[in-house]
Amino acid sequence: MGCGDRVHQAVQSLSRTTMYALVDGNNFYVSCERVFRPSLNNRPVVVLSNNDGCAIARSNEAKALGIKMGAPWFQIRHFEESDGLVALSANFALYGDMSDRMMSLAAGLGHRQEVYSIDESFLDLTGISGDMTLRSRKIRHRILNWIGIACGIGIGPTKTLAKLANHIAKTAERKPGSYPDHYAQVCNLCNLEPTERDALMLATEVGEVWGVGRRIGAQLKEAGIHTVLDLARLDPVMVKRRWSVVLERTVRELQGTDCIGLEHEPPAKQEIACTRSFGHAVLELSVLQEAVTEFASQAAQKLRLQNGHAGQVLTFIRTSPFRTQDLQYSRSTVVPLRRSTNDSRDISQAALLGLQAIFRPGYRYAKAGVMLLDLRPANLIQQELALEDDVADPGGSRLMQALDAVNQRFGRGTVALASAGLAGEQRQWTMKQERRTPGYTTDWDGLALVRA
DNA sequence: TCTGGGGTCCTAGGACCC
DNA sequence: TCTGGGGTCCTAGGACCC
């Protein structure tokens with residue numbers, strides 16, 4: 001052991017060594033669907049994005065067919081005939097509800113939890129005594145038994161290493177022989193001898209690392225860095241100079257230095273977006289106006305839900321980049337609000353003003369969206385002289401509360417702004433969803449029937 | 001014919017201002 | 001002959017994540 005290593009160890013023992021777990025549901029959306037339709041077990045299944053556009057979740061059997069993440073449905077639908085592939089429209093209300101249940105059980109693993117995405121959470125295990133691998137297997141078993149979702153659990157001294165361990169745990173289970181079998185389902189990198197850990201890093205491609213995407217991955221390989229071990233052995237200072245401060249942090253995390261840490265509470269959002277691709281190409285301004293009004297009101301409702309105000313409204317429209325034969329057009333614009341607000345009417349008005357400014361006739365529009373920017377807490381209200389309308393209902397907040405309450409009780413879109421147009425089939429821009437499963441846990445009409 | 005949605009952070013160029 | 005520098009805002013795009 002060199003002098004530098006000894007100093008390093010001394011520093012490590014002074015500052016308590018961190019330990020994180022990452023709990024991640026396997027093929028999450030597909031697993032949620034299978035809980036209520038066991039007939040889907042052992043079959044290739046994909047869950048499709050909005051518009052039934054592309055695959056956003058795949059069962060192991062679907063992965064084995066070579067179906068890639070994000071594959072367009074029209075390119076893979078032949079597997080329906082040839083291999084019995086089942087495709088379902090995404091049912092996000094169901095997945096959100098299953099997620100809540102899974103998260104509450106996963107929380108039992110550590111003393112703090114950061115819910116990172118709908119199917120993943122980090123747990124802080126720092127300072128907990130006992131066998132973390134055993135403890136993780138018990139939690140995993142409980143989630144599988146009580147909720148019906150299979151998870152992979154990875155443990156490491158940094159979040160990036162916990163992510164890597166999680167990848168190993170899931171891959172070892174799905175592809176026997178890819179890693180030693182005992183890493184399947186739960187992989188704890190904190191327990192390993194350096195030679196064991198290096199062997200795992202050597203067996204893993206650099207592109208699997210959290211923070212290394214397609215582009216950076218290709219650049220690294222170009223530079224002769226093929227495995228996680230190659231990346232972990234680079235000099236962080238060189239990495240910062242040649243690539244970026246972001247990749248430097250990733251390298252340090254792979255070397256065991258905790259640079260990211262757990263988020264104690266979700267940070268305040270900086271923007272709220274509502275964007276959609278259309279079921280069919282849209283040419284008329286009037287149709288875009290309906291869609292933009294609807295997106296603006298939905299974004300405003302999200303904003304009210306988190307008790308915020310927005311200072312700016314961004315509107316964008318664009319053609320389909322996949323239709324290379326079409327003339328392309330993509331523009332966005334930001335309209336500042338006179339005063340920050342969460343009132344659907346003011347926000348829609350601003351969004352429509354923006355649309356007016358960027359709309360050009362003669363294009364086949366494929367997508368539009370509204371984003372709320374410059375967000376702040378609603379309690380920081382800028383005082384100004386009340387206008388006549390505002391005297392009875394300052395800021396329109398009582399009207400908006402009533403709107404939200406009605407829509408909460410009777411379903412989204414029961415009460416809407418007139419410029420959003422009529423609901424249902426008369427709208428020319430709504431998305432296709434032809435393969436939707438029932439809301440098994442979120443809708444009384446969707447309850448599963450059990451026959452004795 | 002048919003290719004998602006919601007986020008974050010970073011960079012760069014042009015317009016404009018002093 | 002010789003034409004600054006720094007700041008901000010806007011717009012666009014790239015990279016990553018799930």
Side-chain angles (χ1 to χ4, degrees), chain A residues 22 24-25 27-29 46-57 67-78 87 89-90 92 95-96 99 114-122 159-160 163 166-167 207-220 240 243-250 260 263 266-281 295 298-299 302-303 306 311-312 314-316 318-326 328-336 354 357-358 364 366-375 431-435:
Chain A
L22 178 66
D24 178 329
N27 314 331
F28 186 65
Y29 298 164
V46 293
V47 171
L48 299 177
S49 65
N50 281 336
N51 276 318
D52 294 341
C54 50
I56 53 173
I67 295 172
K68 299 274 181 260
M69 185 66 173
W73 171 235
F74 71 91
Q75 286 176 7
I76 56 173
R77 71 178 310 162
H78 62 274
S89 300
F92 292 110
Y95 311 149
S99 172
E114 175 193 337
V115 175
Y116 177 69
S117 75
I118 193 163
D119 69 328
E120 284 173 76
S121 66
F122 287 102
K159 284 165 102 176
T160 303
K163 269 279 202 182
N166 182 275
H167 167 79
E208 302 294 346
V209 171
W210 190 38
V212 176
R214 259 210 350 251
R215 284 301 173 89
I216 305 292
Q219 288 172 23
L220 287 170
K240 180 178 181 180
W243 278 278
S244 68
V245 61
V246 181
L247 192 64
E248 178 205 8
R249 198 183 59 184
T250 297
I260 303 179
E263 297 277 5
K269 288 227 192 317
Q270 300 181 39
E271 56 185 60
I272 287 177
C274 185
T275 71
R276 283 291 170 278
S277 298
F278 304 130
H280 305 279
F295 301 159
Q298 279 185 32
K302 285 191 211 172
L303 183 61
Q306 65 167 59
Q312 299 179 313
L314 178 147
T315 309
F316 77 84
R318 57 161 242 215
T319 52
S320 169
F322 299 105
R323 291 182 56 93
T324 47
Q325 70 272 35
D326 285 359
Q328 296 291 311
Y329 182 76
S330 169
R331 271 202 73 182
S332 70
T333 188
V334 176
V335 174
I358 57 179
R364 296 171 58 83
K367 184 172 181 175
V370 172
M371 297 190 207
L372 307 182
L373 313 173
D374 191 14
L375 305 187
M431 59 191 179
K432 284 184 293 196
Q433 276 207 324
E434 291 160 358
R435 301 156 177 274

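Just so we're on the same page: letters track the sequence lines, and every chain starts at 1. Values below: all heavy atoms of this structure, side chains included; hydrogens, waters and symmetry mates excluded.
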What is the minimum heavy-atom distance between A:Ala273 and A:Met371, and which atoms define it?
CB-CG, 3.7 Å

Just checking [X]: base, sugar-phosphate only, or nothing, at a heavy-atom cut-off of under 4.0 Å?
X	value
A:Val115	nothing
A:Ile216	sugar-phosphate
A:Val334	sugar-phosphate
A:Val212	sugar-phosphate
A:Arg331	sugar-phosphate

Would you say a side-chain N or O of [X] is under 4.0 Å from OP1 or OP2 of [N]?
X	N	result
A:Gln312	C:dC9	no
A:Thr333	C:dT11	yes
A:Ser332	C:dA12	yes
A:Lys269	B:dT8	no
A:Lys302	B:dG5	no
A:Ser277	B:dG4	yes
A:Arg276	B:dG4	no
A:Arg323	B:dC2	yes

Using whole Å, report how far [atom1] of [X] lies from [atom2] of [N].
X	N	atom1	atom2	answer
A:Glu263	C:dC18	CD	C1'	15 Å
A:Tyr329	C:dG13	OH	C1'	16 Å
A:Ile76	B:dT1	CD1	C1'	17 Å
A:Leu314	B:dG7	CG	P	13 Å
A:Ile118	B:dG4	CD1	C1'	14 Å
A:Asp326	B:dT1	CG	P	11 Å
A:Arg214	C:dC16	CZ	C1'	12 Å
A:His280	B:dT3	NE2	C1'	15 Å

Listed nucleotide nearest any side-chain atom of [X], set [options]:
X	options	result
A:Tyr116	B:dG6, B:dG5, C:dC17	C:dC17
A:Cys274	B:dT8, C:dC10, B:dG6	B:dG6
A:Phe322	B:dT3, C:dT11, B:dG6	B:dT3
A:Arg215	B:dG5, C:dA15, C:dC18	C:dA15
A:Cys54	B:dG4, B:dT8, C:dC18	B:dG4
A:Asn50	B:dT3, B:dG4, C:dC17	B:dG4

Along DNA chain B (nearest heavy atom to each residue), the more 5'-positioned of A:Phe74 and A:Ile272:
A:Phe74

Pick the nucleotide of DNA chain B nearest each of A:Glu271 and A:Gly53; which residue has the one closer to the 5' end?
A:Gly53

Searching all strands shown, indicate the nucleotide that pairs with C:dA12 (Watson-Crick or G-U wobble; both distances under 3.5 Å).
B:dT11

Under 3.5 Å for both donor-acceptor distances, Watson-Crick or wobble: does B:dC18 have a partner, and if so which one?
C:dG5

P-based separation of C:dC18 from B:dT3 [nearest Å]:
25 Å

Measure from the side-chain N and O atoms of A:Gln298 to the backbone N and O of A:Thr275, and report whether any donor-acceptor pair falls under 3.5 Å.
no

